[in-house]
Amino acid sequence: MPGKHQHFQEPEVGCCGKYFLFGFNIVFWVLGALFLAIGFWAWGEKFSVFLGLIFFLELATGILAFVFKDWIRDQLNLFINNNVKAYRDDIDLQNLIDFAQEYWSCCGARGPNDWNLNIYFNCTDLNPSRERCGVPFSCCVRDPAEDVLNTQCGYDVRLKLELEQQGSIHTKGCVGQFEKWLQDNLIVVAGVFVGIALLQIFGICLAQNLVSDIKAVKANW
């Protein structure tokens, strides 16, 4: 009778993981670090120290993020604009930008005119692209009655006045919308990080108990 085998599948980070890069990159890093810590459990005495180091690193990261929030905002703006430039060059970045703009109802880092950074969407007279002075479909205000997605809804939209644009596309930038989302979901976000911190403290306590048990066993040898 053939024996039973357990198969373990390693976690994979696909495109969807990138979509949550703006708000949850720290969570993924923490989870990865915890799995790594489990791999070193045999080190015994070093395990609790390792978990404690991770905990204090996260605490320091949170404090630094608060102190340097303006710098982080500028880096987020730079990150989005760099992805805007490469929108048609990398399908993963394209999906990332489309997801962010649809999810947060925004367009560009600071606004629709950030799409002038892209060679296909900029408004220069020398641009031969049909998408000139437009924006991606993910910037468009979706009509709930539409059954089929109109991927050309952003064509020529930036040739209109800003007030006229508001009926067709989202005119707020993604940096501001992301900050607003964090403020609106502050309790949830804080609860997640507090929960992770409590789990880590619990893990440190368990690791310390394990160290004590190992020492007790060694003392009886």
Side-chain angles (χ1 to χ4, degrees), residues 12-28 65 69-189 192:
E12 297 180 355
V13 180
C15 295
C16 292
K18 297 179 182 179
Y19 296 157
F20 295 94
L21 184 61
F22 295 114
F24 299 97
N25 56 338
I26 295 178
V27 175
F28 287 119
K69 57 182 179 295
D70 291 335
W71 179 85
I72 293 175
R73 185 186 299 113
D74 292 338
Q75 293 303 308
L76 179 58
N77 180 75
L78 180 63
F79 173 78
I80 295 175
N81 281 337
N82 285 338
N83 287 339
V84 164
K85 293 178 184 177
Y87 180 76
R88 292 295 189 205
D89 301 331
D90 188 314
I91 188 62
D92 288 337
L93 292 180
Q94 181 173 318
N95 290 335
L96 171 63
I97 290 295
D98 285 335
F99 172 84
Q101 292 187 147
E102 288 183 322
Y103 186 81
W104 283 298
S105 300
C106 57
C107 191
R110 299 292 182 184
N113 286 333
D114 286 338
W115 284 98
N116 278 327
L117 297 171
N118 186 278
I119 60 174
Y120 300 99
F121 293 96
N122 71 65
C123 278
T124 57
D125 294 334
L126 297 178
N127 182 10
S129 172
R130 179 62 188 88
E131 295 175 309
R132 176 181 174 273
C133 288
V135 293
F137 72 90
S138 53
C139 286
C140 295
V141 177
R142 294 288 300 274
D143 184 355
E146 281 186 350
D147 294 328
V148 180
L149 178 65
N150 179 12
T151 58
Q152 300 180 357
C153 58
Y155 283 14
D156 302 322
V157 71
R158 288 192 293 120
L159 293 174
K160 302 177 182 179
L161 297 175
E162 184 175 351
L163 289 177
E164 296 176 336
Q165 293 178 16
Q166 293 178 0
S168 304
I169 62 172
H170 302 293
T171 56
K172 294 181 179 178
C174 291
V175 174
Q177 288 295 89
F178 176 65
E179 291 177 342
K180 181 178 181 298
W181 178 86
L182 283 179
Q183 292 174 358
D184 293 342
N185 296 273
L186 184 60
I187 295 178
V188 175
V189 174
V192 169

Please report the shortest heavy-atom distance between P112 and H170, naming the atom on each side. CG-O, 3.8 Å
Looking at CD1 of I119 and OH of Y87, how far apart are the two atoms once the value is rounded to the nearest 0.5 Å? 13.5 Å
For F137 and E102, run side-chain contact (heavy atoms from CB on, under 4.5 Å): C-alpha distance rounded to whole Å, both residues' side-chain angles, the deciding distance at 0.1 Å, then the answer. CA-CA 9 Å; F137 72 90; E102 288 183 322; 3.7 Å; yes
Pair D156 + R130, salt bridge at N-O below 4.0 Å: yes
Begin with the C-alpha distance, continue with both residues' side-chain angles, and end with the deciding distance and a verdict on side-chain contact (heavy atoms from CB on, under 4.5 Å) for W104 and W181. CA-CA 8 Å; W104 283 298; W181 178 86; 3.3 Å; yes
Of all heavy-atom pairs linking A109 and N77, the shortest is CB-OD1, 3.1 Å
Minimal heavy-atom distance between L93 and A86, with the atoms involved, is CD1-CB, 4.0 Å
Rounded distance (nearest 0.5 Å) linking atom CG of L76 with atom SG of C174: 9.0 Å
If the threshold is 4.0 Å, N to carboxylate O, is there a salt bridge linking D125 and R132? yes
Rounded to the nearest 0.5 Å, how far does OG of S168 lie from CZ of R158? 13.5 Å
Begin with the C-alpha distance, continue with both residues' side-chain angles, and end with the deciding distance and a verdict on side-chain contact (heavy atoms from CB on, under 4.5 Å) for Q166 and V141. CA-CA 8 Å; Q166 293 178 0; V141 177; over 6 Å; no
Is a side-chain donor-acceptor pair under 3.5 Å present for R88 with N118? no
Closer than 3.5 angstrom, by distance alone: can the side chain of Q177 be matched with the main-chain N or O of C106 as a donor-acceptor pair? no
What are the two closest heavy atoms between V135 and F121, and how far apart are they? C-CE2, 3.6 Å
Quick one about N122 and T124 (side-chain donor to acceptor, distance below 3.5 Å, no hydrogens or angles considered), yes or no? yes
Tell me if a side-chain donor or acceptor on Q101 pairs with a main-chain N or O of G108 at a distance below 3.5 Å. yes
I'd like to know whether OH of Y103 has more than 12 heavy-atom contacts from other residues, nucleotides or ligands below 6.0 angstrom. no
Kindly say whether I80 contributes a backbone atom to a donor-acceptor pair with the side chain of N83 at under 3.5 angstrom? no
Value rounded to 0.5 Å, distance of CG in D74 from CZ in F79: 15.0 Å
How close do V175 and R110 get, heavy atom to heavy atom, and via which atoms? CG1-NH1, 3.9 Å
Mark yes or no for whether E131, through its side chain, and P136, through its backbone, hold a donor-acceptor pair below 3.5 Å. no
Can you tell me how far CG of D114 sits from NZ of K85, rounded to the nearest 0.5 angstrom? 10.5 Å
Value rounded to 0.5 Å, distance of SG in C153 from CD1 in I169: 9.0 Å
May I ask you to check whether the SG atoms of C139 and C107 are separated by less than 2.5 Å? yes
Quick one: closest heavy-atom pair of G154 and C140, and the distance? N-SG, 3.5 Å
Verify side-chain contact (heavy atoms from CB on, under 4.5 Å) between I91 and N95, making sure each step is shown before the conclusion. CA-CA 6 Å; I91 188 62; N95 290 335; 3.9 Å; yes
